[in-house]
Trainee: 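Handing you this structure, nothing more for now.
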2 protein chains.
Amino acid sequence: MKRTLLAVEYSGEEETIAVFAKALGHPVRIKILKLLASQQCCFTGELTELIPMAQSTISQHLKALLEAGLIQGEINPPKVRYCINQESWAKAHSIFEAFFAPDRVFGCDCPIVERAQDDMCPS
Amino acid sequence: MKRTLLAVEYSGEEETIAVFAKALGHPVRIKILKLLASQQCCFTGELTELIPMAQSTISQHLKALLEAGLIQGEINPPKVRYCINQESWAKAHSIFEAFFAPDRVFGCDCPIVERAQDDMCPS
DNA sequence: TGAATTAATCGTACATTTACGATAAACAAA
DNA sequence: TTTGTTTATCGTAAATGTACGATTAATTCA
């Protein structure tokens, strides 16, 4: 992939949101998180019984969630227990909350206009 | 790509979160959204001045945000005004809020144990 | 020691994403 | 009509994502 010479700079917040969001960007991972969140005790491989996907595929999705920090696993041979990482969960909660806070968003009054009016935009 | 015979079924909520999250899953799109959210008036191509990326790439990212419904554009030739789609924004806000609500998540008391104890997990 | 069980990892195939430059389309202004 | 401005789309290349089956690794149980 060709890359631009000047790399785009991202703030920590931008990177963090993107990492969390990317991990949430597949419905099966949402399903897995919901299952884990609803378990009183942490999970093992019942996921393969609940989700009709190859064991290796589910393991791959678990790895993605692990790497984003949203879950944690505890080896308990031959099983592994997964559960929500509460700290990251809280962090994701607050960062998304702040991002979507309505007061951060200016109202968009842009009407559908026939013609641009130069004085409509400050810039 | 080989597909499993039994397709996995997703709830509307799972799909919706995944769609929004996928759109948020790249830092440049977070940056774009922040820029649009902070503009009093809607945006056009100042993005290309603020973000050192090819114009076509930015257009591509805008398209992704459009398709997820997070922004809207108004043709105002030869410029296009983009702004946050407030309705979707509010929807994303509430759906992420509900998803991350701490009371949805059971506490994970799973200790790191030497050996599995059968009575630890209900299932 | 030798099964059995569970989950990660490997290898692979195909789809999607991401970036670029070039081109096309839409319109205003000269 | 021609020119300039702005943005979308096309074509392309490389990276990443997603799914599978097969294999490997770790540990328990017989």
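Per chain, numbering begins at 1; letters A, B, ... match sequence-line order.
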Trainee: Nearest of D:dA19, D:dT7, C:dT9 to any side-chain atom of A:Ser56?
Mentor: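 Closest nucleotide to the A:Ser56 side chain: C:dT9.
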
Trainee: Take atom CD1 of A:Ile58 and atom P of C:dA7, then tell me their distance rounded to the nearest Å.
Mentor: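 From A:Ile58 CD1 to C:dA7 P: 10 Å.
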
Trainee: Please pick, from D:dT9, D:dT18, C:dT17, the nucleotide with the shortest atom-to-atom distance to any side-chain atom of A:Gln60.
Mentor: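 When the side chain of A:Gln60 is considered, D:dT18 is the closest of D:dT9, D:dT18, C:dT17.
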
Trainee: Assess whether atom NZ of B:Lys91 is packed by more than 12 heavy atoms of other residues, nucleotides or ligands within 6.0 Å.
Mentor: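 Atom NZ in B:Lys91 is not crowded, with 12 or fewer foreign heavy atoms closer than 6.0 Å.
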
Trainee: To the nearest Å, give me how far apart NE2 (A:His26) and C1' (C:dA15) are.
Mentor: 11 Å

Trainee: State which of D:dA8, C:dA26, C:dT18 makes the closest approach to the side chain of B:Pro78.
Mentor: C:dA26

Trainee: Mind checking whether A:Tyr10 and B:His26 have parallel, tilted or perpendicular rings, split at 30° and 60°?
Mentor: perpendicular

Trainee: Would you mind reading off the distance between A:Lys63 atom NZ and D:dG17 atom C1', rounded to a whole angstrom?
Mentor: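 To the nearest whole Å, that distance equals 13 Å.
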
Trainee: Figure out the CG/C1' separation between A:Leu62 and C:dA7, and round it to whole Å.
Mentor: 10 Å

Trainee: For C:dA8, does the base pair up with any side-chain atom of A:Gln55 as donor and acceptor (N or O, under 3.5 Å, distance only)?
Mentor: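 Indeed, a donor on one side and an acceptor on the other fall under 3.5 Å apart.
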
Trainee: Please report, rounded to the nearest Å, how far the P atom of D:dT18 is from the CD atom of A:Glu67.
Mentor: 12 Å

Trainee: Given D:dA22, D:dC10, C:dA8, which nucleotide is nearest the side-chain atoms of A:Tyr82?
Mentor: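 So the nucleotide nearest the side chain must be C:dA8.
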
Trainee: I'd like to check A:Leu62 versus A:Leu66 (side-chain heavy atoms, cut-off strictly below 4.5 Å). Are they in contact?
Mentor: no

Trainee: Closest approach to the side chain of B:Lys79, judged atom by atom: which nucleotide of D:dG17, D:dT7, C:dT18 is it?
Mentor: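 Nearest to the side chain of B:Lys79 among the choices is D:dT7.
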
Trainee: Round to a whole Å and report the spacing from CD1 of B:Ile51 to P of D:dT7.
Mentor: 13 Å

Trainee: Among the nucleotides C:dT9, D:dT7, D:dA19, which one has an atom lying closest to any side-chain atom of A:Ser59?
Mentor: C:dT9

Trainee: What is the minimum heavy-atom distance between B:Ala23 and B:Ala64, and which atoms define it?
Mentor: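 Closest pair (atom of B:Ala23, atom of B:Ala64, distance): CB-O, 4.5 Å.
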
Trainee: Starting the side chain at C-beta, find the nucleotide from C:dT17, D:dT9, C:dC20 nearest to B:Thr57.
Mentor: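 Selected nucleotide (nearest to the side chain): C:dC20.
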
Trainee: B:Ala54 has a side chain; which of C:dT16, D:dT7, C:dG21 sits nearest to it?
Mentor: C:dG21

Trainee: How many whole angstroms separate atom NZ of B:Lys22 from atom C1' of D:dG17?
Mentor: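 Interatomic distance, NZ of B:Lys22 to C1' of D:dG17: 9 Å.
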
Trainee: Please report, rounded to the nearest Å, how far the P atom of C:dT18 is from the CE atom of B:Met53.
Mentor: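 To the nearest whole Å, that distance equals 10 Å.
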
Trainee: Can you see if the side chain of A:Arg81 gets near the phosphate of C:dA7 - specifically, an N or O under 4.0 Å from OP1 or OP2?
Mentor: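 Looking at the OP1 and OP2 atoms of C:dA7, neither is under 4.0 Å from any side-chain N or O of A:Arg81.
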
Trainee: Ring centres of A:Trp89 and A:Phe20 under 6.0 Å apart?
Mentor: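 No, the ring of A:Trp89 stays outside the 6.0 Å limit from the ring of A:Phe20, centre to centre.
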
Trainee: Give a yes/no answer on whether the side chain of A:His61 brings an N or O atom under 4.0 Å of OP1 or OP2 in D:dG17.
Mentor: no

